Amino acid sequence: MPIRRILYWQPKQGTMVNSQILNEISMCVESLKGVKEGRCKTSLTFYRPNLRGPSTAIDFPRDFLGISMLEQPNKYYFTIRDHQIVVEADYSILTIMEKLQYYQSRAALHFEGAVYKLGDFQVRVIKVVSNQAERLRGIMIEIVYLPISSVEDSKQIMEDFIDLWKEVVSIKSLAGQFIQTEPNYAEYGLSDNYTSQHTAVQYTDALTQLVRSSLLRN
């Protein structure tokens, strides 16, 4: 599977993300001769246990994330960040969870946007919105390097592309900057060969950073 890296937009103190910044970022991709070739969408759902009594509290994780990806319609991923656990399951697991009623979904965020092709790379310009409202909650860039699936072998070329990308964005003098997420895959028991589980871990880490950034601004 092609290697991926996620960068999230960190606005300057006192500013907010908005559609104008999103449009400017899309223009940056187009200035690199990026050709739009489709859409992308990943959804993250927060789950909490339905505790029926104090004795059951220790038997369940306090919370975890469920992750679905447009390009993996038959799969569903779970991450428990506190314990560095990531699990791939068949999408039918949602039906089982609904019947058992051990966990309940509390909120969901959708990461959706446009996919651009730039030679051996894809750049995905992503907006973050919630189930409850279409208000923009965040902006992310997902960079995909198509020829290589090794995290280590692709490291330098990805860093070079990210440096180029940041330089292009800096010309716009926008009120903020892109920050890389760098999860430790080994902590989750993942190998050097990139998989969708690596992507699930990256989205979990990016969400944590987005929330942290929002709290600091507020």
Side-chain angles (χ1 to χ4, degrees), residues 1-11 16-44 67-75 77 109-130 134-183 192-207 209-210:
M1 183 175 181
I3 198 81
R4 303 184 184 199
R5 290 289 292 276
I6 289 176
L7 292 79
Y8 69 94
W9 181 253
Q10 184 179 70
M16 301 289 289
V17 293
N18 55 58
S19 57
Q20 179 60 34
I21 293 176
L22 184 65
N23 291 336
E24 294 279 1
I25 292 168
S26 297
M27 290 171 63
C28 288
V29 183
E30 292 167 4
S31 73
L32 291 171
K33 308 302 181 184
V35 178
K36 190 181 291 187
E37 64 172 13
R39 307 289 298 176
C40 59
K41 182 176 182 179
T42 298
S43 296
L44 271 66
I67 304 169
S68 64
M69 307 176 196
L70 184 63
E71 64 265 38
Q72 297 279 5
N74 299 320
K75 300 294 183 181
Y77 299 87
L109 287 174
H110 303 293
F111 299 72
E112 53 192 39
V115 179
Y116 294 85
K117 182 81 179 324
L118 289 83
D120 287 337
F121 289 88
Q122 279 185 353
V123 176
R124 304 178 176 201
V125 182
I126 299 168
K127 64 178 181 179
V128 185
V129 296
S130 68
E134 285 298 312
R135 183 171 71 84
L136 192 62
R137 300 299 181 96
I139 297 172
M140 296 195 332
I141 289 289
E142 187 174 338
I143 297 171
V144 184
Y145 184 54
L146 301 170
I148 296 179
S149 60
S150 165
V151 175
E152 187 61 34
D153 290 350
S154 65
K155 188 173 183 178
Q156 187 58 57
I157 194 167
M158 288 293 276
E159 291 296 336
D160 291 343
F161 187 88
I162 289 170
D163 287 342
L164 170 65
W165 168 251
K166 289 182 176 180
E167 183 178 339
V168 170
V169 174
S170 69
I171 295 173
K172 292 283 186 181
S173 299
L174 302 174
Q177 61 180 327
F178 276 108
I179 305 295
Q180 299 181 52
T181 65
E182 297 188 24
D192 179 67
N193 189 49
Y194 196 88
T195 67
S196 293
Q197 292 185 46
H198 291 71
T199 301
V201 170
Q202 281 204 73
Y203 269 94
T204 300
D205 193 66
L207 176 62
Q209 300 301 330
L210 280 170

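The basis for the numbers below is simple: all heavy atoms, side chains too, and nothing from hydrogens, waters or symmetry mates. These figures come from a predicted structure and were not determined experimentally.
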Rounded at 0.5 Å granularity, tell me how far [atom1] in [X] sits from [atom2] in [Y].
X: Thr204; Y: Ile6; atom1: OG1; atom2: CD1; result: 9.0 Å
X: Thr199; Y: Ile3; atom1: OG1; atom2: CD1; result: 8.5 Å
X: Ser19; Y: Ile139; atom1: OG; atom2: CD1; result: 8.5 Å
X: Asn193; Y: Asp153; atom1: CG; atom2: CG; result: 10.5 Å
X: Met140; Y: Gln202; atom1: CE; atom2: CD; result: 9.0 Å
X: Phe111; Y: Ser43; atom1: CZ; atom2: OG; result: 9.0 Å

Please examine the side chains of [Y] and [X], heavy atoms only from C-beta on, and report whether any two atoms are closer than 4.5 Å.
X: Val144; Y: Arg124; result: yes
X: Ile67; Y: Met69; result: yes
X: Val128; Y: Leu136; result: no

How close do [X] and [Y] get, counting heavy atoms only, and between which atoms?
X: Met158; Y: Ile143; value: CE-O, 3.5 Å
X: Val29; Y: Val123; value: CG2-CG1, 3.9 Å
X: Val115; Y: Cys40; value: CG2-CB, 3.8 Å
X: Leu207; Y: Leu44; value: CD2-CD2, 3.6 Å
X: Tyr77; Y: Ala200; value: CB-CB, 4.0 Å
X: Ser154; Y: Ile148; value: CB-CG2, 3.9 Å

Give a yes-or-no answer on whether the side chains of Gln209 and Thr181 include a donor-acceptor pair shorter than 3.5 Å.
no
Worked verdict on Arg137 versus Leu210 for side chain to side chain contact (heavy atoms under 4.5 Å, CB included)
CA-CA 9 Å; Arg137 300 299 181 96; Leu210 280 170; over 6 Å; no
What salt bridge (Lys or Arg N to Asp or Glu O under 4.0 Å) pairs are there with at least one residue in residues 18-27, not counting sequence neighbours?
Glu24-Lys172
Set of residues satisfying ring-ring contact (aromatic ring centres under 6.0 Å, His included) with respect to Tyr116, sequence neighbours excluded
none
Which residue, Glu142, Glu37, Arg4, forms the side-chain hydrogen bond (donor to acceptor under 3.5 Å, both in side chains) with Gln122?
Glu37
Can you tell me if [X] uses its side chain to pair, donor with acceptor, with the backbone of [Y] under 3.5 Å?
X: Lys117; Y: Gly119; value: yes
X: Asp120; Y: Leu146; value: no
X: Asp205; Y: Val201; value: no

Could you tell me whether Lys166 atom NZ has more than 12 heavy atoms of other residues or ligands within 6.0 Å of it?
yes
Counting only heavy atoms not in Glu167 (residues, nucleotides, ligands), do more than 12 fall under 6.0 Å from its CD?
no
Might you work through the side chain to side chain contact (heavy atoms under 4.5 Å, CB included) test for Ile25 and Leu174, ending with a clear yes or no?
CA-CA 9 Å; Ile25 292 168; Leu174 302 174; 4.3 Å; yes
Could you tell me how the ring of Tyr145 sits relative to the ring of Phe121: parallel (under 30°), tilted (30 to 60°) or perpendicular (over 60°)?
tilted
Mutual orientation of the aromatic rings belonging to Trp9 and Phe178 [parallel < 30°, tilted 30-60°, perpendicular > 60°]:
perpendicular
Salt bridge or not between Glu30 and Lys36? Use side-chain N to carboxylate O under 4.0 Å.
no
Between Glu159 and Gln180, does a side chain to side chain contact (heavy atoms under 4.5 Å, CB included) hold up when you go through it step by step?
CA-CA 10 Å; Glu159 291 296 336; Gln180 299 181 52; 3.6 Å; yes
Apply side chain to side chain contact (heavy atoms under 4.5 Å, CB included) to residues Arg5 and Glu182 and explain how you reach the verdict.
CA-CA 8 Å; Arg5 290 289 292 276; Glu182 297 188 24; 3.9 Å; yes
